[in-house]
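What follows is one structure encoded as structure tokens, with my remarks underneath.
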Amino acid sequence: MNTLLENDIIKAKLLHDMPITFNGLVIENTNKCNARCAICYQSAGSENNNHIDINKAKKCIEEAITLDTLNPRFHLAGGEAFLYMDDCIDLFSTAKKAGYKTISATTNAFWCTDKEKAKNFCNILKDNGMTYIEISWDNWHKDFIKPKAIENCIMACYENEITTNLRILTTKSHSMEEALNRLDEKVIPYIGQITSSPVFAVGRATEVIPGEDFYLQRGGLGTPCYSSLNLTINAHGEVYPCCAGFDQCRDYSLGSIYDESIIDIVKRTNNDPIIRRLVFLTPSAFLPILKEKGVAIEEKCYNNCQLCSRIFSKKENIDIIKEHFEKRKQEAFLRFIEKLEAQLKTKKEESR
Amino acid sequence: MNQVINLFRNFNIFLETDNTGKHLLVPPEYYKHWFESTAEWLQDTFDLEELRQSSLFAGREVILSGINLLDAYDDFKEIAKVFSDNNMAVTMQIEAIELYNHLEKVLDLAKNHIITAVCISIHKESTDISSPELMWEKLTETAVSLIITGAVNNLKTLSVFSSPSLNSQDIRICPYPEEGETYETLPENTACNCVEHLIISIGADGFIYPCLGLINIEKCAIGNITDDKAFYDSFIPFASKMIEQGPDISSSGPVANNSELAWFCRRHRYEVSHNE
Ligand code: SF4
Ligand code: SF4
């Protein structure tokens, strides 16, 4: 194992050297949803009505693939992305033509109530390049989606060789077992994989779920997220380095696709000291800065992403962090000037 | 980002003990040498910028699998360290019963950050573990990532879906049908490129393959870790074709669903091993 000092050197090298790379491009085409699940970190619902401009989104898909730091994977998310079927297909086929090798989406499978229709639609998705689908299903989705729709979706994808990932969220009183028991057990072996994670105490969840029902983190918050980032555009056209919660922190977006090209936004992000510190050193790296200004953040949370949302969802925190980095930039500039002046002085003395 | 470079940054390595049972078939120093020369080859071949060199493997994944590997604990640990010292995420794949019998060793590897994930396969024989919850609890306490694979009934026997410990953390589960079962349904629409499946895979004898689907079919090997690295060059055109188009396979004929490989990989493996 590396020593602590070696680990610090590795961290410093990454912070200084490593380009910020993305596992893929994620577009959230809408924040509208037919459901209104208590655990939705976006607090999505039918009342939300933001949609991405489809032509702008297509342009981003075409441009982003030229980025050296982006893996050619395209993922569509929402709200419920499939409320706008025609747009989805348009975006998938654009991604396929542009050369993305993995094309995927997240859905609650509301469109699969009819078995035959689900199968035909999956066939169209496959023809438009879709290789992988994430299906959300748990205690909170059941109030809006029928188990039959989930089962139809799993089988329709299986028959079209679209890999499925059943995504389950848990709390102490709602387990994976409970979610799976609601499905026909014959269908379960056809699921590509099941991924389960505890519900985060953010957004609507904090109002609906009792505090003691949330799971808290067991290990440390030491693992940085730089290897799991996705270049994400939310339904407002704002750009973020991931879709794990930070994408809802609207006071710190990297830029807007309505104002500039995705390429320019990514280039600037790579040199953004706040984002670099966030992804290479973890959100905990901001806690001392905030503490110095008297802001105490509740550190007990499930993981880094929850801490990240806690920090960046408040404008006051962002202002403190920005001010800190602005001050450091000025200090560095002054040090640079002082150094130049000293050099000039030495030169003058030498030439005398 | 060049997909071929990506291919060489995650590895799937199978290991096996030698006939003493205390050492691995290919000694750790070969893996170290091979890893270093692969890094060098990548930098030369793809003319990577100075900046990128320091982070070539950071955050990338290596999966080490095999049976009774913990009997050769020192060799295993040394191989795992080749990768963890380079800031890679190391996943150890292990059978549940072996994990249960050697739990302390696995916990030790996790606590020392030599492995970052454990992929546990649950076969029928593992289902007589008497107190699975204790094992799940100790594992989740180390904050190591967990991936669990197995037939649905075996998963249920070890309380995978109901365990409070497993429900309390991020977990990935790959369920499959009862061992030996074959599916009737054949997908109609399977044409696919290999990009999701290509990963440098090394057999226990050191032969290197482009993906898991072709592992141990020696005529498909692209080299051996004990050889020179030059063979990689001839592999680039093959990899590029697979990334763009996928394999040339006929899309008919039943294929037993007896592994976790994608349908077209199973078909490809079948055709390659049957067509001379
Ligand atoms: S820590 Fe923040 S930036 Fe990193 S993946 Fe999580 S939410 Fe995103
Ligand atoms: S189709 Fe063949 S070459 Fe492609 S990943 Fe599968 S087994 Fe490998």
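Protein chains get the first letters and strands the later ones, always in sequence-line order, with residue 1 at the start of each.
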Region of S227(A) in contact with chain B, defined by heavy-atom distances below 4.5 Å: side chain
CZ/R277(A): more than 12 non-hydrogen atoms of other groups inside 6.0 Å: yes
Between I148(B), I147(B), I173(B), the one whose heavy-atom pairs under 4.5 Å with chain A are most numerous: I173(B)
Pairwise side-chain contact, V152(B) with E185(A), heavy-atom cut-off 4.5 Å (strictly under): no
V160(B), part contacting chain A, at a heavy-atom distance under 4.5 Å: backbone
For chain B, the option from S228(A), G99(A), S175(A) that forms the most heavy-atom pairs under 4.5 Å: S175(A)
Shortest non-hydrogen contact from C174(B) toward Q193(A): SG-CB, 4.1 Å
Residue, of P175(B), A89(B), S163(B), A80(B), that accumulates the most heavy atom pairs under 4.5 Å with chain A: P175(B)
Any residue meeting ring pair (Phe, Tyr, Trp, His ring centres under 6.0 Å) with F35(B), in chain and number order, not counting sequence neighbours: F57(B), F83(B)
Between CZ on residue R172(B) and OG on residue S196(A), distance to nearest 0.5 Å: 13.0 Å
Residues, nucleotides or ligands: over 12 heavy atoms within 6.0 Å of K105(B) NZ: yes
Gap separating the CE atom of M176(A) from the CG atom of L155(B), nearest 0.5 angstrom: 10.0 Å
Atom NZ of K241(B) with >12 non-hydrogen neighbours under 6.0 angstrom: yes
Pick from I194(A), T171(A), L180(A), T163(A) with the largest number of heavy-atom pairs that fall under 4.5 Å of chain B: I194(A)
K77(B) versus chain A, the contacting section by heavy-atom distance below 4.5 Å: neither
Region of I188(A) that comes under 4.5 Å of a non-hydrogen atom in chain B: both
Qualifying residues under side chain to side chain donor-acceptor pair (under 3.5 Å), relative to E62(A), sequence neighbours excluded: none
Toward chain B, the part of T131(A) with a non-hydrogen atom under 4.5 Å: side chain
Minimum heavy-atom distance between N167(B) and Y215(A), given as atom pair plus value: O-CE1, 3.3 Å
Exercise: identify the closest heavy-atom pair between P198(A) and S168(B): CG-O, 3.2 Å
Within 6.0 Å of NZ in K172(A), more than 12 heavy atoms from elsewhere: yes
Under 4.5 Å from a heavy atom of chain B, the part of F214(A) involved: neither
